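Quick notes on the structure that follows.
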Amino acid sequence: GGGDSGGSASGGTGGPVGEPQQGGELTVLEDAAFAGSWPAGLDPATNTTGGSNIAMNQAIFGGLFLLRADDDGSNARVEGHQAESYEMSEDGTSFTIKLRDGIEFSDGTPLDAEAVRANWERALANACTCKPNWPLAENGIQVVDPLTISLTFTRPFPAILASFPTSNVNWIASPTALQQMGEDAFKIKPVGAGPFTVVDNQLSSVLELEKNPNYFKEGLPYLDELTFQSIGGDQPAYQALQAGQAQAYEGLNTTPLLEQAQANGQMQVTIQPATSPYVVQLNTEIAPFNDPRAREAIYRATDFDAINEGIFGGNYEVSQGFTAPGGKFYHAEVEGYPEYDLDRAKELVQELGGLTVNLGTISNYVATQINTALQTQWQEAGIDVTIEDSQLSGVIQKFTGGQWQAMLQTAGAWDPAAGVGVGFRFNSGVPYSGVNDPALDQLLADASSTVDEAQRDDLYQQAAELIAQNFYAPFGLAFAPANLAAAGVHGPGLTTKIPPLLVNTGVIWDEVWREQ
Amino acid sequence: MTATATPRVPVSRDPRVSPLSRLTASPVLRLVVKRLLMAIPIMLGVTVLTFWVLSLIPGNAAQQLLGPEATPEDIALLEQQLGLDKPGVVRYFDWLQGAVTGDLGNSLVSRQPVSEILSARLPVTAELVFLAFVVSLVLAVPVALLAAHKPGGVMDRISMMISTLGLSVANYVLALLLVLVFAVSLGWLPAIGYTPLEDGLWANLRGMILPSAAIGFPLFCYYTRFLRGDLVDQMQQEEYVTTARAKGVGSWAVLIKHAFRNSSFGLITIVGLNLGALIGGTVIIEQIFALPGIGQMLLQAINTRDFVVVQAAVVIFALVAVVANLVVDLLYAVLDPRIRYGSR
Amino acid sequence: MSSKRTAAFPAEDATVSEGVIVPETAGRHRPATAASPGEPLLVVEDLRVQFTRGGRKINAVNGLSYELAPGSMLAIIGESGSGKSVSSRALMGLLPPTAKISGSVRFDGRDLLGLSEREMQSLRGGDIAMVFQDPARSLNPTMKIGAQITEAVRLHSDLDKKGAQARAVELLKLVRLPAAERRFHEYPHQLSGGMRQRVMIAIALAGEPRLLIADEATTALDVTTQAQIMELLVELQQRLGMAVIMISHDLGLAASYAQDVVVMYAGRAVEYAPTKVLFANVRMPYTHALLGAIPALDREPHSLFEVTPGQPPDLSALPKGCPFRPRCSNATDQCLEMPPFTEHDPEHWFACWHPVGSGTGKHTANGEQR
Amino acid sequence: MTAVEERTAGDRSGARTPLLRARNLVQEFPVQAAGGVKGGVVHAVSDVSFDIYRGETLGVVGETGSGKSTLARSVIQLPRPKSGVVEFQGTDLMKAGRKELKESRRQMQMVYQDPFGSLNPRWRVSELVEEPLVGHGQGNASSRKRRVEELLDLVGLDPSQYAKRRPFELSGGQCQRVAIARAVALEPALIVADEAVSSLDVLIQAQVLNLFEKLRRELNLSYLFIAHDLAMVKQVSDRVAVMYLGQLAEIGPAEGMYRQPLHPYTSALLDSIPRVDPVTGAAHRPVALPGEPPSPIDPPSGCRFRTRCPRAQLKCAEEAPQLVERLPGHQVACHFPLDVVEADLPPKPAGATLAPPPVPAQPTAPAQPAPQQTL
Amino acid sequence: MAVVEPAPSFSLSPEVDEAEARAGGRGRRWRSQLGTWIPAGMIAFVLVACFLGPTLLSLPSPVGGSVLESNQPAFSPGHVLGTDPNGNDILSRLLHGGQSSLWIALAVNLLGLVVGGTLGALSGYVGGWVDTAIMRVLDVLIAFPSLVLTLAVAQALGPSMTNTIFALAFFSIPAFARLARSAVLRLREMPFMAAAQLAGTSPSRMLFKHLAPNIAPQLITFGMLGMGIVIIIEGALSFLGLGIPDPAPSWGNMVATGQLSLSATPMLVVWPSLALLVTVLAFNLLGENLRARWSGR
Ligand SMILES: Nc1ncnc2c1ncn2[C@@H]1O[C@H](COP(=O)(O)OP(=O)(O)OP(=O)(O)O)[C@@H](O)[C@H]1O
Ligand SMILES: Nc1ncnc2c1ncn2[C@@H]1O[C@H](COP(=O)(O)OP(=O)(O)OP(=O)(O)O)[C@@H](O)[C@H]1O
Ligand SMILES: [Mg+2]
Ligand SMILES: [Mg+2]
Ligand code: NI
């Protein structure tokens with residue numbers, strides 16, 4: 001691997017783009033319900049919503065690695081950023097990173113291996129949702145030389161590289177500043193080595209950043225000022241963009257607005273290549289879905305293609321497994337996937353003597369809409385469906401209570417072994433999984449510890465087939481939100497496609513620029 | 001007052017009148033003291049109720065923060081760190097002890113002192129509420145007067161239609177429509193964001209016009225309807241109005257100088273009762289206009305189960321409601337001579 | 001008529017403040033344009049007022065006629081609902097727009113009913129003033145009494161604020177309000193009923209009216225205060241040469257103070273005469289019944305009253321003919337025709353086919369006696 | 001106080017025990033100042049004692065605010081007076097429990113001034129009259145219905161026509177009749193009539209007063225009859241009590257008191273009545289009592305009337321006069337009652353009245369008890 | 001918005017005045033009551049439309065529409081007002097939504113009327129410590145930012161119609177109670193109350209037969225004015241993700257979900273808002289008219 005020249009001309013949807021220009025301010029809106037909320041502050045180690053605050057983290061800390069892709073979203077790969085290079089041992093049990101020389105935090109202290117180690121140790125000790133699930137060996141973190149640091153695992157861990165862009169270990173904060181300021185002040189005004197420094201931070205409201213003059217990449221960032229602003233939904237955000245109060249919005253998912261924005265000449269809409277498809281998790285532990293026939297009935301009654309057409313204007317792909325077009329190991333077809341077949345569904349339901357299902361999801365616009373559509377489809381097959389959407393806590397409660405029947409969720413990540421991966425939904429003994437199948441556990445474990453990519457691909461494909469054969473959970477729409485940007489704004493991930501890391505794309509803010 | 005401390009200083013006032021009794025002799029002062037005393041149990045009740053209600057909400061800050069992927073061990077650990085493992089009663093008294101000494105605690109989520117959070121956000125909400133309130137009131141009075149001047153007349157009907165409209169449109173829809181018209185189409189006013197007062201009065205006001213209109217318009221409608229009704233009642237039923245007319249006072253003067261003065265008391269009551277609703281309105285409106293105020297904070301705090309912050313916000317809101325009603329009572333005492341002299 | 005006058009009452013402050021009121025010749029300060037002596041100040045002819053309420057017509061006043069000489073006092077008496085207030089408010093244009101008014105009211109030669117609201121407004125308080133029944137409700141509770149009087153003064157004079165205030169204090173002294181300067185700054189509720197009514201009178205006098213209508217001005221007060229107020233009114237009337245219409249349902253009160261009396265029943269005048277003439281020789285059975293029903297000091301304890309059966313008529317469905325017919329013991333079929341209101345005896349008008357009394361000063365029994 | 005005790009032997013009441021015996025009644029109301037803060041205390045009734053005998057009517061007069069209604073309400077214990085004794089048919093109501101009180105109230109009913117206000121506007125006449133029968137559990141539905149009809153007949157309302165009406169479908173006089181029917185429904189011994197006819201037109205008033213008289217004769221009722229019209233009170237009462245500022249000024253037989261009032265206030269009241277002789281038609285011009293009534297929150301010391309009394313002396317300010325029987329059955333609370341000739345009064349020191357500045361209208365020397373105004 | 005007390009203008013004077021009652025001219029009275037009948041007719045229309053309309057017009061179900069028929073414009077075949085993004089018939093949702101909205105408004109006001117009215121009447125009638133206790137508790141509820149309370153209750157119990165009603169009742173009960181109390185305090189001084197006590201009437205009879213019928217008109221009028229407010233607050237709850245759960249319609253949640261894409265699909269907000277407008281207008285007109293009549297104006 002190695003550094004990227006960075007300034008590659010990024011072609012948005014808005015036609016030919018000239019050379020990047022220096023200067024200007026940019027206001028980015030974030031949905032208050034997701035990325036727009038950072039209640040625990042922006043210290044990567046303690047930010048419990050770190051998974052949704054990737055944008056802010058990138059702007060402040062830069063990142064050891066970044067996920068990049070070609071402008072159309074293809075050829076996605078993790079590249080070093082503050083890390084100059086990395087090296088994975090043959091057996092996949094150790095991983096060594098070499099840092100770029102001469103990077104300084106904005107407080108003037110060096111970003112070296114010691115700093116990275118300090119950050120990692122803090123990060124792993126804290127309860128951040130973006131904490132990586134590394135199978136770290138005892139004393140697994142070793143500083144080799146001032147610019148080199150290595151990790152040792154208890155088992156082969158090939159997903160290590162892919163795990164970086166989504167987790168807090170990617171964001172290196174200044175340990176000196178942390179010590180001087182104390183944790184509580186630091187999380188408000190964190191000090192990193194990223195393209196921007198914090199001017200003002202009102203938690204979950206406004207984050208004002210300005211250009212870091214000592215940024216290690218020459219000529220970057222382009223913008224003088226960058227502001228993240230939390231806003232209460234897609235419609236106000238869209239209006240704010242229209243009114244010119246903001247220039248970008250991450251994570252638009254209201255389809256009618258998306259279509260309206262697409263028709264608006266002043267707006268660039270970038271639909272991200274999806275990485276996590278929707279999945280209808282079925283609880284195989286209790287009735288009715290401990291009966292495979294009931295599960296098959298659900299498969300047979302579900303027509304995600306129709307939902308995609310009807311609700312989403314055919315904007316997305318429909319997956320048959322836990323991978324999506326934007327992610328690794330994607331295959332459009334899964335062998336033996338039980339396709340939509342209403343007659344079969346009816347038959348099964350009749351055989352079962354009726355089927356009553358409680359279908360839940362987390363309250364959000366897209367999920368509720370899909371559930372509503374699913375309810376209709378299933379009812380057509382004679383399945384009696386009640387749907388129920390809950391706040392996050394309600395969903396957690398249902399899962400931990402174990403009494404849920406069906407749950408619409410998203411599955412997967414760019415790399416199925418990293419982040420909220422497939423194991424999270426399908427492994428035995430995990431509270432958020434509805435499956436208890438040793439064979440599947442084994443397949444998934446093997447896949448995550450295999451270094452060879454082709455082999456991994458094969459294992460994941462097998463796992464997907466196993467899921468389909470056992471009717472564990474029908475997959476669906478590979479949904480990803482869109483990014484909205486005003487005309488004249490350009491940047492990788494914002495106006496070009498990069499597969500989303502968790503939900504939103506990891507925009508590389510260093511390279512975002514505005515036509516003056 | 002100092003007289004009691006240093007007896008040798010000649011006391012010019014009647015020595016039998018203690019400072020305390022002199023204080024209590026003023027009915028207005030006594031009213032203030034009495035109402036302030038009454039506020040104590042109310043505020044206590046509010047805090048207890050908040051604690052209780054919040055305890056009903058499933059989930060706690062630890063769970064909420066760590067999200068669905070967190071392990072039970074992580075959650076238990078965080079719970080312990082945040083002190084959430086203690087029983088509710090203990091937590092309440094801990095909190096109360098702090099609150100009484102002016103320490104509202106630290107946010108469960110960010111560990112920031114609540115007082116710091118509030119001081120940053122209070123000005124925004126206060127300004128919003130103040131503007132909404134003033135705008136609604138300032139507009140309601142002339143419109144109601146116009147309407148009441150000729151009940152059943154053209155103005156009356158128009159104001160009736162407008163106010164019914166205002167009362168049947170949800171304020172969040174109104175907010176979005178206002179933005180669509182004034183920010184998107186006309187581009188006169190900003191759609192979102194808060195500019196602090198330090199950055200210039202006009203810049204600050206520009207940003208507040210739409211949100212305060214969204215909150216204020218339904219109130220304006222409500223006040224207009226109320227005031228108009230009361231004015232008409234006064235004009236038709238009160239004998240002193242006839243007296244004024246018999247003096248030769250013109251119809252507008254009767255309405256403004258006589259009837260309005262008496263109607264204002266009813267209006268004040270309504271305004272006082274409404275202030276709570278006014279603040280409630282900020283929760284949604286701040287969300288839409290991306291204003292960093294208390295309402296926005298409250299909603300986030302509820303979602304993250306940051307009960308220390310919720311508690312503080314509720315206390316602030318309740319305090320405003322209590323103070324508003326105190327002010328209403330005082331206004332009565334100041335404006336209504338029948339009360340001022342304590343012989344009703 | 002000049003409704004704005006700068007001249008105050010003659011400089012009487014000194015004497016007034018000491019409470020000694022020197023009676024003056026009536027109308028001394030009147031401008032020469034006032035109605036010449038002998039000519040009535042107010043002529044009400046066939047006044048009718050009809051309300052429409054809930055689609056029904058309420059005939060509150062049905063042909064009321066009387067005259068009022070300058071400087072004299074006329075009493076209008078009658079039961080509740082007989083139209084006393086409505087008829088007098090009609091003079092001042094104070095009825096709600098729902099009222100339909102017809103007939104003629106000439107005040108100083110001008111037809112009041114034809115005046116515009118604007119003209120009426122300048123007339124109100126200036127030429128005709130009114131005092132109402134309930135002084136507690138008739139004063140604005142939220143305005144200092146001084147301000148209420150000052151307002152009236154300024155409306156009808158060219159005085160500046162200071163001058164008007166001084167004038168208001170003068171007026172308070174004129175109506176013998178104790179400690180006028182202090183009271184000036186007080187609110188109505190701080191005054192007793194009698195004092196409030198004096199303030200009402202002071203307001204009424206502010207425009208130096210030539211006609212004062214006192215609509216049951218003392219009904220809400222108790223007897224001792226009532227006597228005080230009536231004394232004051234009579235005195236002011238004589239001193240200032242105002243004409244006064246005094247509305248009451250108390251025969252005794254009317255008899256004691258007024259020069260002329262109009263008795264109303266169901267919106268009509270049924271008997272009208274100078275007080276002395278009337279009480280010396282009551283002709284109308286209704287008036288007679290009123291007299292029989294008032295308690296008297298010289299009656300024995302537990303003695304019964306003369307009883308007139310029945311209820312006052314429904315104004316929206318008046319009986320045919322004489323409205324008192326259903327309750328009248330003298331009634332015959334002739335009463336089905338409306339008796340004309342005419343001057344049967346000199347100066348004595350009444351409307352009855354079968355009057356009581358024979359002009360001897362003693363009325364013969366009508367109906368049951370004791 | 002003792003004066004009343006002493007009196008009991010002698011006059012017409014003889015050795016009969018009174019139906020109602022009130023002693024030293026005191027009722028006070030705290031007044032609220034701004035926003036419910038406690039202010040002063042209204043001394044509405046201060047130390048009032050009287051008796052009422054069976055079949056007798058006691059009239060009570062006095063100016064507005066003198067405590068007449070409060071006295072009446074104290075008698076029926078709604079609300080209970082602050083202190084004193086109310087003995088009704090031998091039961092001390094002040095100490096009576098709920099049950100006893102209810103039992104006593106059966107015998108004690110009230111008719112109010114406001115004919116509309118005293119009837120629940122949403123009830124029908126028949127229900128209204130039936131209410132006490134239901135309340136005291138008398139009879140069954142049909143017997144009560146019959147009784148209601150009787151009662152309506154008694155007060156001169158045709159049941160077939162009026163029973164189903166609601167108060168607003170009745171005139172004031174008819175309402176008052178309904179109220180009276182309700183009051184007599186339980187055949188009480190005492191009816192407290194608080195300005196029961198004041199709001200009625202003269203002709204109707206006469207009808208109602210005659211009805212009261214008829215009931216008195218037929219049912220041997222006693223009345224506590226409150227009015228501010230002295231002439232009316234005289235005509236319906238056996239004895240009359242005159243109240244001034246919460247106290248009894250004078251109490252005695254109606255005839256006697258009106259012929260020879262003993263209290264200067266009674267005399268002033270009588271002089272204030274405008275009246276016309278119904279027979280001769282001659283009018284009597286009232287004479288006004290000067291001054292304003294003092295505040296019941298802060299009544300004058302000594303004799304409460306002294307601030308307006310033409311006969312007031314220094315003594316009146318220092319010492320409160322007690323009720324004393326000066327004529328048979330006729331008591332007065334005055335240091336210098338009117339049966340003492342002016343000349344016999346001690347010479348009047350300057351400023352003796354201690355009155356606030358008198359109303360300037362009364363500059364004439366108090367040569368006469370009730371000065372005649374010359375106009 | 002919160003429910004607040006209306007002007008305490010109220011008297012015991014009856015609906016019709018004396019003379020009017022005697023006259024009883026049917027036709028004329030009818031005309032004079034037009035102010036009452038027009039809004040009453042509007043309400044009847046809304047009720048009939050919402051509760052019978054779907055059956056009479058044999059409309060499709062308000063839920064379970066096919067996603068293949070989503071976002072159809074107005075006047076498309078079979079869907080007069082078009083369909084929503086889920087393919088449900090908007091008219092059907094509007095009418096069914098009206099059912100829930102009206103039910104909620106009715107239930108919340110009824111709860112307020114019954115519970116609040118009883119509490120307030122009891123408080124005013126009994127007085128003493130009962131009064132103090134009840135009023136203090138209500139003071140707390142009034143001082144408490146009601147939206148927080150509603151949010152909390154709704155979150156605690158989860159979104160459902162019953163819970164929404166329950167949560168919204170926190171708005172209405174204190175308001176009704178205060179109104180009832182002040183009315184009772186005024187009534188308590190009326191002579192007929194003393195007269196009833198003298199007549200030996202039992203306290204419960206006093207409360208229910210004397211007080212209740214006299215305060216009811218005022219409370220009902222107040223409830224009328226509150227109907228619209230309740231429907232709107234229900235919408236606010238929906239906006240915050242509470243209230244009536246999807247996919248069941250209510251005007252409030254139709255507006256709330258419609259506004260999520262207001263600029264793209266304005267009609268989704270316009271229709272329920274219009275329905276709301278008509279209903280609020282009708283209830284307000286009726287309430288004000290009744291108030292005027294009952295206060296004898
Ligand atoms: N604005 C109005 N609308 C309808 N009817 C009215 C109106 N004002 C008065 N009336 C009616 O007119 C009639 C006469 O009323 P008016 O007030 O003149 O009587 P009054 O003689 O003054 O009685 P009182 O002694 O009670 O004051 C009454 O029946 C009354 O109900
Ligand atoms: N409930 C109360 N609270 C406070 N003060 C009261 C109350 N009831 C009566 N008072 C006061 O007590 C005094 C006596 O009142 P009361 O009503 O007994 O007088 P009254 O003689 O009946 O007068 P009126 O002739 O006007 O009916 C008055 O000053 C009155 O203001
Ligand atoms: Mg009148
Ligand atoms: Mg009384
Ligand atoms: Ni005292």
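Reminder, nothing fancy here: chain letters follow the sequence lines and each chain counts from 1. The figures that follow rest on heavy atoms only: side chains count, while hydrogens, waters and symmetry mates do not. Just so it is clear, the model here is predicted, and its values are computed rather than measured.
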Is atom CD of A:Glu121 surrounded by more than 12 heavy atoms (other residues, nucleotides or ligands) closer than 6.0 Å? yes
Donor-acceptor contact present, side-chain A:Gln245 to main-chain B:Ala191, <3.5 Å: yes
Is there a donor-acceptor pair under 3.5 Å between the side chain of B:Gln300 and the backbone N or O of A:Ser204? yes
Counting only heavy atoms closer than 4.5 Å, note whether A:Leu29 contacts chain B via side chain, backbone, both or neither. side chain
Between A:Asp43, A:Thr27, A:Ile188, A:Thr227, which has the largest tally of heavy atom pairs under 4.5 Å with chain B? A:Ile188
Within this structure, what is the CD-OH distance for the pair A:Gln235 and B:Tyr172, rounded to the nearest 0.5 Å? 13.0 Å
[X] to [Y] - nearest heavy-atom pair and separation:
X	Y	result
B:Ser110	A:Asp184	O-OD1, 4.4 Å
A:Gln239	B:Leu180	NE2-CG, 2.9 Å
B:Gln296	A:Ser230	NE2-O, 4.2 Å
B:Ala290	A:Gln229	O-NE2, 3.2 Å
B:Arg121	A:Leu203	NH2-O, 2.8 Å
B:Ile192	A:Ile231	CG2-CD1, 3.4 Å

Under a plain distance cut-off of 3.5 Å, with no hydrogens placed, do A:Thr46 and B:Arg111 share a side-chain donor-acceptor pair? no
Highest number of heavy-atom pairs under 4.5 Å with chain A: which of B:Asn106, B:Ile117, B:Leu176, B:Val179? B:Leu176
